[in-house]
Every structure is written in structure tokens, then in C-alpha cells.
Amino acid sequence: MPTPQVLPFIYEKMSASRSLTRKSHLPKKPTGVAARPFHYDRDGQLLCDAVPVAKLAARYGTPLYCYSASQVRERLALFRKHFSRQDHLICYAVKANANLSLLRMIAREGAGFDIVSGGELERVRRADKRAMARTVFSGVGKTAEEMDLALRAGILLFNVESEQELEVLADRAARLRKKARLALRVNPDVFAETHPYISTGLREHKFGIDISRAREVYGHAAKSKWLSPEGVSVHIGSQIRSAAPFGAALARVRALVKEVATDGIQIRSVDAGGGLGIDYAAPLDAETFDAAQEVAAYAAALIEGLRGLRVRLLLEPGRFLVAQAGALVTRVLYRKRNGTKEFLVTDAGMNDLIRPALYGAHHEIVSVERPLNAEAQSATMDVVGPVCETGDFFARDRAMPDAQPGALIALLDAGAYAMSIASNYNSRGRAAEVLVDGRRVRLVRRRETIEDQLRNEQ
Ligand code: LLP
């Protein structure tokens, strides 16, 4: 594996080059589904749906997370459309963005959820109690308490990741006298090209049960009065930009389902996990990413992978549904020069959006009020936050609009794994979140105060 120092470089390069190679595959007729809900109006004002982002910043302050509800609904509709010929259930991966209002909206669309903790379970319950029956519980380290919560709540399935977990689940189910419906999460040993930190489908990763052992484990599960083995699940990683590895993983799952059937165990659902990626490197005004086409190719690969099986397909998309719907809006505090380098210091930091620091991830950055002659006025800069870490950067040596202190900029594709990983590092309060829907705006999480942060301390 490359050393951490060179990872960022690889990751930025990887996503950038992919966007170029993808262009040639774009359909001739655009499908009318925009990659992002952000665009400029005639006066050079950045809008989210129909709402000027500058107005949102003036009203709610910065840093501010701004999401488009209509874009999320549009993505859900794309999944529904392209999977319509297959019995399926979308279980949105809560970890991507766990905002309660967003979850409620997704539940209202009829989707279920993929949760990984008791905390996420409680969020789903509060968003919509009825969605519990459409919820699957993943994760390598479920505690007995979390299992009890999920058994009592009547979730759809546990995705069990080890033989020991299976034993604990059987024990908890017996105590509560509730039968636990489960899938085994298998590790298919399939390589998917993505950042090494978010690749999960190889034998060397901590996730899942080695697929070659799975048949035996189903046998154990079937013997327990308190376990009902009903499904298989796989999740090979995240931000995967090609459909082929998903198809390869499901082909292995298909073989397993057939084997297990000969042992008398009927598998009724196959969970393909999440992982479908987006093009972080696409410039805002060039439509080089066609969401409809991405989902179409993904659906074709999965449905082909299940060929000949009569099962319900569960899907756990996170990023693809919400990443491009969101932006992090931040204000430029200072502009400074050290030696030959120029820096824009923003009021958002790595505690708000850690992806660049953690994965060397690329986020496009645009001005909220577009300078008239954007190109002529651009300068090469690092965009950095106020946190006391050299890793606190959003962009390095990037051609940036000629922003001055007070200017607003937006980091795009920040709807997933952004606010959900935000922290209080440097005792910074977490940002506010607004949900835009056409012309409507709702504050869906108020800015965290220092009192919020100190509440649990002595
Ligand atoms: N299902 C399981 C079991 C998962 O572990 C994940 C993501 C998903 C579904 C959703 O995957 P998605 O569709 O969002 O790719 N923090 C990283 C991403 C970590 C993904 C963790 N698991 C990032 O910012 O890129």
C-alpha cells in the first residue's frame, strides 16, 4: 500500500483522470438530470435550487451546509427507475448524512435504511417509526445492547459479519424471545479501485465473513431456533467508479446462494451494499457526469449478477444519493502569503469537512458571487481552515477565483461524509445545516454553540 504521504496525490489524480475518460461514454442526448443542484443565475449569483446561496449565508451564517431536497428525491427516482424490473428495496446508508430531516424525507419516499449503530437506529426511529421494518443493521462491531435495540424495534435484517457475532445475536434473540432475521455479510475477495481507506471487499480487510466459509456458517445459523438466515450481503467499498466489480461480487454471491440452497437454506434477499461513486473533479459548469447513465450501468451489472435467482435485491447507497446535493458554504477570513505560497483562510476547517485531510479527496470550490471575468482574475492558492494542523486544507495549489476577505466560497459535493464526520476539534462548534426545496428553505440543524459543547462536561 502506498504511504500516507503519497495517498492524497494518487486520490486526487485518480478522480481527475476518471472524469476525462468518462466524457467519451456520455450519451449524445443529455438526460436532463443535472449532476448538482448548484448553478449560477444571470447575475452570477450561485443558487441552490432556486435560492441564492449568499442569502442563506447572510441569514444562517457560515460555515453552512446547504442541501437540495429535490436533488436527493431525483436520485432516489433514478434508482427506482433503473431497478424497476427487479424486486428491490433501497436502504439509504445513514452514515453518509444522518440529518433527521433528510432521513424523514427519504423515509417518506418509501426507502429503508442501512444503519451501523444504536445511534443511527434511534435517528431512523425518530425520523419515521414505520421505516424500522425497512432497516438493515450492518457493522463489524455491534454490541449486545445495540442488538437488543434492533430486535425490539423489529428491523428487517441484521447483516452479520462474524461467527462470534452470530453467537451473540442468537443469545440476545433467545433472551428476548424474538427470532433474529439475518444475512451473512460475506467478503467476496473482489478488488474495487478506490482509495485504500474505503476499499472493503478484499480478504485482508476486516469486513464480512470469508465467502469460502459462508456455507458452513449458514449451516450453524440454520440450527438455531432463534436465528433465521434469510439473506446474503456484500459491500466492496465506496466511491467506486465502474460497475464491473459490483457485478463480479454478485456473481460470487449467486454461486453461494445456489450452494446454500442445496443444503436446504432458502436465501430470499441479496444485499449489494453501497459504493457507487460520483465525479468529484467535474467542474460546476461542465456537465461531464450523467447520474442517470451511472445508475443505469450499475443496475445492469447488478441485475445481470443476480441472473437466475429469485431474490429481493437490497441496495445501500449513501454517497450517490446525497453527496452532490450538498455544499459547504464558507467565508474567506484572510488572504496571506508565506514565501512563494498564497493562502486563502476560510471560516470552515477540517473539523467541518475532513475528506481532503483524511483521503486527499478533491472537492471543487466555486465562488458564491462569480467575478465577472473569473479566469482572468484567478490565482493559484491553498485554501485552508483555521484549525491548528497542517493537514487542515481544502485545496492545494489550486487556481482559485480572486477571492478577498469577506467573500463567500462553496465547497461542492459535500452532502455525504462531510457533516456526518464533523467534529468539535479545536472546540469549534459544528456548522448549521439548511435543506432547500425549490424556493423553500428550512434550517434543519442549528449551529452548535459552546454551551452545546460543554453540556456533558464537569
Ligand atoms: N453499506 C455499508 C456496509 C457501508 O460500509 C457503506 C459505507 C455504505 C453502505 C455506503 O456506501 P456509499 O454508497 O456511500 O459508498 N468516509 C468515506 C466513505 C466511507 C464509506 C463507509 N461505508 C468518504 O468520505 O469517502
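The first residue in the sequence is number 1, and the count goes up from there. Atoms within each ligand, like the ligands themselves, are counted from 1 in listed order.
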Ser138 N/O to ligand 1 N/O under 3.5 Å: no

Note: ligand 1 atoms sitting under 4.0 Å from heavy atoms of Arg319 are 12 (P), 13 (O), 14 (O), 18 (C), 23 (C), 25 (O)

Per-atom filter on ligand 1: closer than 4.0 angstrom to a heavy atom of Arg185 are 3 (C)

Whether Arg442 and Asp437 form a salt bridge (side-chain N of Lys/Arg under 4.0 Å from carboxylate O of Asp/Glu) is what I want to check. no

Contact region, Tyr359 to ligand 1, non-hydrogen atoms below 4.0 Å, reads side chain

For Asp114, the ligand 1 atoms with a heavy-atom partner under 4.0 Å come out as 1 (N), 2 (C), 9 (C)

Under 4.0 Å from one or more heavy atoms of Glu316, ligand 1 contributes atoms 1 (N), 2 (C), 3 (C), 8 (C), 9 (C), 10 (C), 13 (O)

Note: ligand 1 atoms sitting under 4.0 Å from heavy atoms of Pro317 are 13 (O)

Original post:
Quick one: do the Gln164 and Ser162 side chains pair a donor with an acceptor below 3.5 Å?
Top reply: no

- Anything under 30° is parallel, anything over 60° is perpendicular, the rest tilted; go ahead and classify Phe113 against Tyr92. perpendicular

The atoms of ligand 1 lying under 4.0 Å from a heavy atom of Gly318, numbered in the order shown, are 12 (P), 13 (O), 14 (O)

Numbered in order shown, the ligand 1 atoms found under 4.0 Å of a heavy atom of Gly275 are 11 (O), 12 (P), 13 (O), 15 (O)

Note to self: Does this structure show an ion pair linking Lys95 with Glu120, if we count only N-O contacts that are shorter than 4.0 Å?
What the structure shows: no

Atoms of ligand 1 under 4.0 Å from any heavy atom of Ile421, numbered from 1 in the order shown, are 16 (N)

> Do Asp413 and Arg355 meet the salt-bridge criterion of a basic N to acidic O distance under 4.0 Å?
Replying inline: no

Quick look: His195 vs ligand 1, heavy-atom contacts under 4.0 Å, and the answer is neither

Using atom types as modelled and distance alone, determine if a side-chain donor or acceptor of Arg36 lies under 3.5 Å from a backbone N or O of Ala327.
no

query = Is the closest basic N to carboxylate O distance between Glu161 and Lys206 below 4.0 Å?
reply = no

Worksheet item: According to the interplanar angle, ranging from 0 to 90°, do the rings of Phe83 and Tyr298 count as parallel (below 30°), tilted (30 to 60°) or perpendicular (above 60°)?
Response: perpendicular

Polar contact flag for Ala93 and ligand 1 (N/O pairs, less than 3.5 Å) | no

